[in-house]
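Here the structure is laid out as C-alpha cells; the discussion comes afterwards.
Every value quoted in this text rests on a predicted model; they were computed, and no experiment measured them.
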Amino acid sequence: STGLSINNIQTLFLLEIGQDRTRIMQSIGRGLRLDGVTNQIRVVDISSDTKYAAKHRKKRLSIYKSENFYYEDYRTIDMRGN
C-alpha cells in the first residue's frame, strides 16, 4: 500500500486490509494502473474468521458491491481437508 508504481500487475492480494474505504480503493487503484494492454485486475481478498475480520470483510463486500465490482465469495475453505 505504500509507493508502488508497477504497470503490469494482473493479481493483487489483499491480506486483512480492514474496512477503510480509502485504503481499499487506493490499493485496488494502484493495481489498476493502465499498462496499455489490459485495464483489469484480479483481487484476492484474504481474511480470517475472527469477529472483527468478519465485520471488516462484510464492509469490504458492501464496498465492492457499491462500486459494481464483480466478485465471488469463497468463505468456506477448510484447510484441514474436512
Side-chain angles (χ1 to χ4, degrees):
S1 68
T2 304
L4 282 178
S5 182
I6 302 170
N7 292 335
N8 193 14
I9 297 175
Q10 280 107 33
T11 304
L12 174 69
F13 287 86
L14 302 177
L15 304 173
E16 296 286 358
I17 194 167
Q19 64 180 353
D20 180 60
R21 182 182 189 88
T22 302
R23 185 172 181 201
I24 294 164
M25 296 304 292
Q26 185 178 41
S27 297
I28 292 171
R30 288 177 188 220
L32 279 172
R33 294 192 190 268
L34 304 180
D35 62 2
V37 178
T38 180
N39 299 328
Q40 62 183 4
I41 189 168
R42 175 184 304 127
V43 177
V44 180
D45 183 335
I46 300 172
S47 64
S48 65
D49 61 354
T50 63
K51 177 182 175 181
Y52 291 106
K55 176 183 168 193
H56 294 174
R57 181 176 49 250
K58 184 176 178 181
K59 176 66 175 174
R60 287 193 307 276
L61 290 175
S62 73
I63 292 169
Y64 300 155
K65 186 174 183 177
S66 72
E67 292 292 329
N68 293 318
F69 293 155
Y70 171 78
Y71 66 91
E72 295 180 28
D73 188 354
Y74 297 99
R75 265 186 241 195
T76 53
I77 297 176
D78 189 344
M79 300 305 285
R80 296 170 298 209
N82 298 331

State, to 0.1 Å, how close Arg57 and Ser47 come at their nearest heavy-atom pair, and which atoms those are.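 Heavy atoms only, the tightest pair is NH1-OG, 2.7 Å.
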Closest heavy-atom pair and its distance - Ile63, Ile24: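 Answer, listing the atom of Ile63 first, then Ile24: CD1-CD1, 3.8 Å.
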Nearest-0.5 Å distance that lies between atom [atom1] in [X] and atom [atom2] in [Y]:
X     : Y     : atom1 : atom2 : value
Ile28 : Ile41 : CD1   : CD1   : 8.0 Å
Phe13 : Arg42 : CZ    : CZ    : 8.0 Å
Asp45 : His56 : CG    : NE2   : 12.0 Å
Arg30 : Met25 : CZ    : CE    : 13.5 Å
Ser27 : Arg23 : OG    : CZ    : 6.0 Å
Lys55 : Thr50 : NZ    : OG1   : 11.5 Å

Determine, using the 4.5 Å side-chain heavy-atom cutoff (strictly less than), whether [X] and [Y] are members of one ILVMFWY cluster.
X     : Y     : result
Tyr71 : Ile17 : yes
Leu14 : Leu61 : yes
Val44 : Leu15 : yes

Would you say the side-chain atoms of Glu16 pair up with the backbone N or O of Ser48, donor to acceptor, closer than 3.5 Å?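 A pair under 3.5 Å: yes.
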Identify, with sequence neighbours excluded, every residue that meets side chain to side chain donor-acceptor pair (under 3.5 Å) alongside Thr22.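 If we apply the side chain to side chain donor-acceptor pair (under 3.5 Å) test to Thr22, skipping adjacent residues, there are no hits.
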So Ser66 and Arg21, do their side chains get closer than 4.5 Å, heavy atoms only?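 They are in side-chain contact.
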More than 12 foreign heavy atoms under 6.0 Å from CZ of Phe69: is that the case here?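 Atom CZ in Phe69 is packed in, count exceeds 12.
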Please determine whether the number of non-hydrogen atoms from other residues, nucleotides or ligands lying under 6.0 Å from atom CG of Asp49 exceeds 12.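 No, because the 6.0 Å sphere around CG of Asp49 holds 12 heavy atoms or fewer from other groups.
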